[in-house]
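What follows is a short report on a single structure.
Quick note on labels: first sequence line is chain A, next is B, and so on, each numbered from 1. Computation of the quantities below employed the complete heavy-atom set of this structure, encompassing side-chain atoms and omitting hydrogens, waters and symmetry-equivalent molecules.
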2 protein chains.
Amino acid sequence: MAQDAPRSQPTRRERYRAQTIREIKEHALRRLAELGPDGLSLNAIARAMGITGPALYRYYASRDALIEALTDDAYQDLVQTVRTAVDGVPAGEAGNRLRVLMEAFRGWALTQPHRYLLAFKTPLTGTVPPRAATRHANSVVAAILCAVVPHESDTPARFAPEGPGVSLEQERQEQWSTAGSCAGVDGPVPARALLIWSRIHGLVDLEVTGQFSALGLDPSALYCAEAAALIGEPG
Amino acid sequence: MAQDAPRSQPTRRERYRAQTIREIKEHALRRLAELGPDGLSLNAIARAMGITGPALYRYYASRDALIEALTDDAYQDLVQTVRTAVDGVPAGEAGNRLRVLMEAFRGWALTQPHRYLLAFKTPLTGTVPPRAATRHANSVVAAILCAVVPHESDTPARFAPEGPGVSLEQERQEQWSTAGSCAGVDGPVPARALLIWSRIHGLVDLEVTGQFSALGLDPSALYCAEAAALIGEPG
DNA sequence: CCCTTTATTTAAAGGAAATCAGCAAAAACG
DNA sequence: CGTTTTTGCTGATTTCCTTTAAATAAAGGG
């Protein structure tokens with residue numbers, strides 16, 4: 001947990017270890033893309049890397065730990081991609097920012113569907129990820145909010161009725177100092193961000209899982225229609 | 001393949017076999033609900049039934065075959081539930097039909113999230129289900145269309161641009177005589193049904209996977225907002 | 001009562017996850 | 001330089017799963 005190195009410079013070992021971890025993730029993502037989430041086997045990754053299975057357990061405590069790390073990376077990468085894309089559009093052009101947001105989101109998901117499914121297909125319900133889920137969901141909503149709330153705290157309506165809004169503020173300050181640069185996002189999440197998220201997710205998820213192609217049609221026009229609809233009803 | 005019995009009455013063996021299949025599915029669904037999709041093991045099912053593992057291979061050729069059967073059931077059940085719910089509302093009240101459609105869809109998904117995930121989170125992309133995917137997607141769209149297209153072929157816009165609209169009509173007549181009662185659904189799927197589907201799916205999927213509860217909020221108000229929005233822009 | 005079909009079992013091959021004991025090399029320390 | 005510790009890895013083992021193949025019990029039909 002606590003790093004012994006005083007953060008002056010990473011030792012040779014640390015660099016080597018970090019590189020190995022990177023290599024493990026690369027192989028894992030490759031197998032994930034080819035074989036699907038169930039085909040992800042630590043043994044196979046090790047074999048592909050030229051080492052034996054148990055060697056990987058020095059880097060990840062279990063198969064689930066590796067999957068969790070990949071999921072974390074996926075959320076982070078998705079959010080980062082969306083953020084940089086949106087940041088390329090002036091804050092004044094709300095409509096264009098939304099369009100860019102949707103295209104960035106969709107593009108990321110379509111170019112690496114396995115990672116999108118890894119992030120959103122896993123039933124967080126139940127017992128699987130306790131805190132990570134909150135962190136991930138918050139990061140996505142924060143990115144959307146950042147993208148489309150024009151100036152500052154617009155917040156046309158609020159959700160999160162009365163009960164369990166406790167652990168939210170905690171999490172936000174514990175783990176989310178990196179989010180930053182989003183003004184007026186202290187209270188419950190504004191409804192507009194959730195609306196946008198659910199519409200984007202609906203389209204992207206149906207497309208990624210192949211439902212549209214099963215129907216024999218191209219959903220591009222639907223994205224345009226949804227973007228237009230969202231711009232038309234800006235809260 | 002071909003049934004020898006002339007369909008006059010099922011023999012004792014056939015009844016016994018059907019009951020066994022039902023029992024297998026029950027145990028499978030129970031384990032699916034408890035352990036998730038990856039925890040579904042033919043051996044465990046057999047053990048719970050008091051028989052040995054290989055005995056199940058008389059009923060399902062493989063684990064995937066069982067999953068496929070469960071997926072088929074899930075789609076059929078979902079569509080059936082939605083249809084009967086919507087049929088309880090007069091055809092004139094388009095807004096209420098849409099609301100009932102959304103609530104039926106959501107209710108079905110929330111009461112059995114494992115079946116919803118089984119149906120929609122399996123990456124059909126790639127090699128998994130060739131024809132079944134088309135059948136399933138069509139059944140969902142047909143049910144939505146049936147629910148909300150007011151009188152007959154409204155079809156405000158059309159998708160499926162030009163290319164691969166070949167196997168659609170074939171499938172529709174081969175396997176879809178049961179759909180029936182849907183007027184004006186010969187050509188490409190109207191955009192409105194896809195719009196409704198993607199919005200419902202976005203909300204339901206985020207809720208089922210626990211993203212909303214991870215945010216600490218109740219998405220009920222979002223459903224109302226989306227229903228109102230869809231009624232407000234009826235194409 | 002025999003014979004065919006069906007249901008189920010045992011046996012076994014093949015693979016994966018996870019854990020343990022042990023070995024070698026690099027690093028850290030004297 | 002030499003010793004100790006940490007780190008990376010191997011091999012063996014355990015358990016569990018899927019799936020095939022062969023042997024056995026049960027049921028139905030002539």
Side chains of B/Thr209 and B/Leu117 in contact at under 4.5 Å (non-hydrogen atoms): yes
Value in whole Å for how far the [atom2] atom of [N] lies from [atom1] of [X]:
X       : N      : atom1 : atom2 : answer
B/Ile45 : D/dT19 : CD1   : P     : 12 Å
A/Leu56 : D/dT10 : CG    : P     : 10 Å
A/Arg31 : C/dA16 : CZ    : C1'   : 12 Å
A/Leu66 : C/dA18 : CG    : C1'   : 14 Å
A/Glu14 : C/dA26 : CD    : C1'   : 14 Å
B/Arg17 : C/dT6  : CZ    : P     : 9 Å
B/Asp64 : D/dC17 : CG    : P     : 17 Å
B/Leu42 : D/dT20 : CG    : C1'   : 14 Å

Closest nucleotide among [options] to the [X] side chain:
X       : options                : answer
A/Asn43 : C/dA16, D/dC17, C/dC20 : C/dA16
A/Ala55 : D/dC9, C/dC20, C/dA7   : D/dC9
A/Ser41 : C/dA16, D/dT10, C/dA7  : C/dA16

- prompt: Counting distance only, does the side-chain N/O of B/Arg63 pair as donor-acceptor with the main-chain N or O of B/Leu40 below 3.5 Å?
  reply: yes
- request: Assign each of B/Arg12 and A/Ile51 to its nearest nucleotide of DNA chain D by heavy atoms, then name whichever residue's nucleotide is nearer the 5' end.
  value: A/Ile51
field: Residue whose closest nucleotide on DNA chain D lies nearer the 5' end, B/Arg47 versus A/Tyr59
entry: A/Tyr59
- prompt: In terms of side-chain geometry, is the basic nitrogen of B/Glu14 or B/Arg17 positioned less than 4.0 Å from the acidic oxygen of its partner?
  reply: no
query: If each of A/Leu40 and A/Arg58 is mapped to the nucleotide of DNA chain C with the nearest heavy atom, which maps nearer the 5' terminus, i.e. the 5' end?
result: A/Leu40
message: Which label fits A/His201 and B/His201: parallel for a plane angle under 30°, tilted from 30 to 60°, or perpendicular past 60°?
response: parallel
message: Using a heavy-atom cut-off of 4.0 Å across all strands, would you classify B/Ser62 as base, sugar-phosphate, or nothing?
response: sugar-phosphate
- prompt: With sugar-phosphate meaning primed atoms plus P, OP1 and OP2, does B/Arg63 contact a base, only sugar-phosphate, or nothing at under 4.0 Å between heavy atoms?
  reply: sugar-phosphate
message: Can you confirm whether the side chains of A/Ser62 and A/Asp64 place a donor and an acceptor under 3.5 Å from each other?
response: no
query: For D/dC9, does OP1 or OP2 lie under 4.0 Å from any side-chain N or O of A/Thr52?
result: no
message: For a quick test of reading the model: is some side-chain N or O of A/Arg13 closer than 4.0 Å to OP1 or OP2 of D/dG8?
response: no
